[in-house]
Asks: 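Submitted below is the structure of interest, expressed as structure tokens.
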Amino acid sequence: MSATVSIPTILRTHTGGEKQVKAEGSTLQEVISDLDANHPGIKDRLVTDGALHRFVNVYVNDEDVRFAGGLDAQVPDNGTVTILPAVAGGR
Amino acid sequence: MLVIRRDLVEELVAHARRDHPREACGQLLGPEESDRPERYVPMTNADDADARGSDYRFDSREQFAVYKEATQRDEETVVVFHSHTRVPRRPLTDTGLPEAYPSVKDIEFMGLQPGVHFAIVAITGPDSPYDLRSFLLDDAGEVVEDEVQVVENYMFSHTGAGDVPDRS
């Protein structure tokens, strides 16, 4: 089960500048673990205390995983995982 | 420095006025690595933490749709825009406008997008004057003001003011 993961600029230091990398896994959790095995440190940028960090949005195919089970979201074979920086402010 | 076409500035200000007193937000897209904003995409402010609307957050699904379209067109986000409206906690400047300066929360999120300009339009009402400023984070994560140069078009703007003698 292989997915293509799109990496935002801020995290490309972990992927040697690559915009897209492959990762294995059938859930988002597994994909992130595999990503971290090949690109150490990336998991800490995405996950805190067992949940997705509020600074990132993660999409499996076209859906925001916050509406699709979070880290338990299913990742289909040949699926795409897109990581984008959350955009917010105020206060 | 942020070099930006006047018509795009007018779009940002119009959006800020339209959404007042809620904060307006959006992004300016341009060709990849050009640092040149070409079109404005207003975004839905999905923040509901504060009934006064003094925070902003891009709607995540809409953000993805814009990202996908932009990627297909070899475009990227050049500028993230939001407005500052008058809320009690925000100091007013000598001009009587809310401060067009990033808040602590703004700065936290700016750190996620290195190289992207963060433009703020401050207004006190739908018909008030406005202040436009832009900011970047430097490599140390400190906020630096990003001088805004408003131009009619981009044709000659790349030369920079100091490179060519003024016409007499």
Side-chain angles (χ1 to χ4, degrees), chain A residues 3-21 28 31-32 39 41-49 51-71 73 75-76 78-91, chain B residues 22-27 32-33 41 43-50 52-68 70-71 76-77 79-85 87 89-90 98 101-116 118-120 135 137:
Chain A
T4 302
V5 186
S6 294
I7 308 291
T9 312
I10 184 83
L11 297 180
R12 287 181 199 156
T13 49
H14 296 276
T15 59
E18 288 298 318
K19 290 182 180 180
Q20 288 194 332
V21 294
L28 182 59
V31 167
I32 290 175
H39 310 286
I42 202 164
K43 185 176 180 178
D44 288 344
R45 308 291 297 275
L46 302 174
V47 178
T48 25
D49 298 329
L52 278 177
H53 204 291
R54 68 189 178 100
F55 289 128
V56 290
N57 296 333
V58 180
Y59 307 84
V60 171
N61 290 347
D62 288 358
E63 182 58 301
D64 181 343
V65 299
R66 287 200 177 85
F67 305 101
L71 290 169
V75 180
N78 298 317
T80 60
V81 175
T82 306
I83 305 166
L84 294 182
V87 183
R91 251 172 251 280
Chain B
R22 279 184 65 84
E23 285 196 3
C25 58
Q27 49 186 327
E32 277 178 14
E33 292 178 32
V41 180
M43 301 292 290
T44 303
N45 182 353
D47 189 276
D48 51 12
D50 181 340
R52 286 190 302 261
S54 59
D55 281 27
Y56 81 97
R57 180 164 54 84
F58 282 8
D59 177 274
S60 65
R61 286 163 157 162
E62 187 180 48
Q63 183 187 349
F64 183 73
V66 172
Y67 164 83
K68 226 172 126 172
T71 304
E76 65 184 4
T77 303
V79 180
V80 168
F81 158 74
H82 75 286
S83 66
H84 275 179
T85 57
V87 291
R89 64 170 181 274
R90 186 168 285 145
Y101 193 83
S103 68
V104 173
K105 186 176 170 190
D106 290 340
I107 295 165
E108 271 187 315
F109 280 88
M110 284 170 72
L112 306 174
Q113 298 198 82
V116 171
F118 282 77
I120 302 175
F135 301 88
L137 286 194

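Note that this is a predicted model, so its numbers are computed, not measured.
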Asks: Under a 4.5 Å heavy-atom cutoff, which of A:T9, A:D62, A:L11 has the most pairs with chain B?
Replies: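 Top option by heavy-atom pairs under 4.5 Å: A:D62.
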Asks: Given that the side chain runs from C-beta out, which part of B:F64 has a heavy atom under 4.5 Å from chain A: side chain, backbone, both or neither?
Replies: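 For B:F64, heavy atoms of backbone and side chain both lie under 4.5 Å from chain A.
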Asks: Are a donor atom and an acceptor atom from the side chains of B:S60 and A:D64 found within less than 3.5 Å of each other?
Replies: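 Checked: B:S60/A:D64 side chains pair up, N/O donor to acceptor below 3.5 Å.
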Asks: Parallel, tilted or perpendicular: which describes the rings of B:H82 and B:H84, with under 30° parallel and over 60° perpendicular?
Replies: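 Perpendicular: the ring planes of B:H82 and B:H84 meet at over 60°.
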Asks: Which atoms form the tightest heavy-atom contact between B:T44 and B:E62, and what is the distance?
Replies: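 Closest approach of B:T44 to B:E62: N-OE1, 2.7 Å.
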Asks: Could you tell me which of B:M110, B:E108, B:Q113 has the largest number of non-hydrogen atom pairs under 4.5 Å with chain A?
Replies: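 Top option by heavy-atom pairs under 4.5 Å: B:E108.
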Asks: Compare every heavy atom of B:N45 with every heavy atom of B:R57, then report the nearest pair and how far apart it is.
Replies: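 Scanning both residues completely, I find the closest heavy atoms to be N-OD1, 3.1 Å.
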Asks: Taking the side chain from A:R12 and the backbone from A:I7, do they hold a donor-acceptor pair closer than 3.5 Å?
Replies: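 The answer is yes, because a donor-acceptor pair under 3.5 Å joins these two groups.
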Asks: Give, as side chain, backbone, both or neither, the part of A:Y59 having an atom under 4.5 angstrom from any heavy atom of chain B.
Replies: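 Side chain only.
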Asks: At a 4.5 Å cut-off on heavy atoms, which part of A:R45 comes close to chain B: side chain, backbone, both, or neither?
Replies: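 Contact with chain B is absent: no heavy atom of A:R45 under 4.5 Å.
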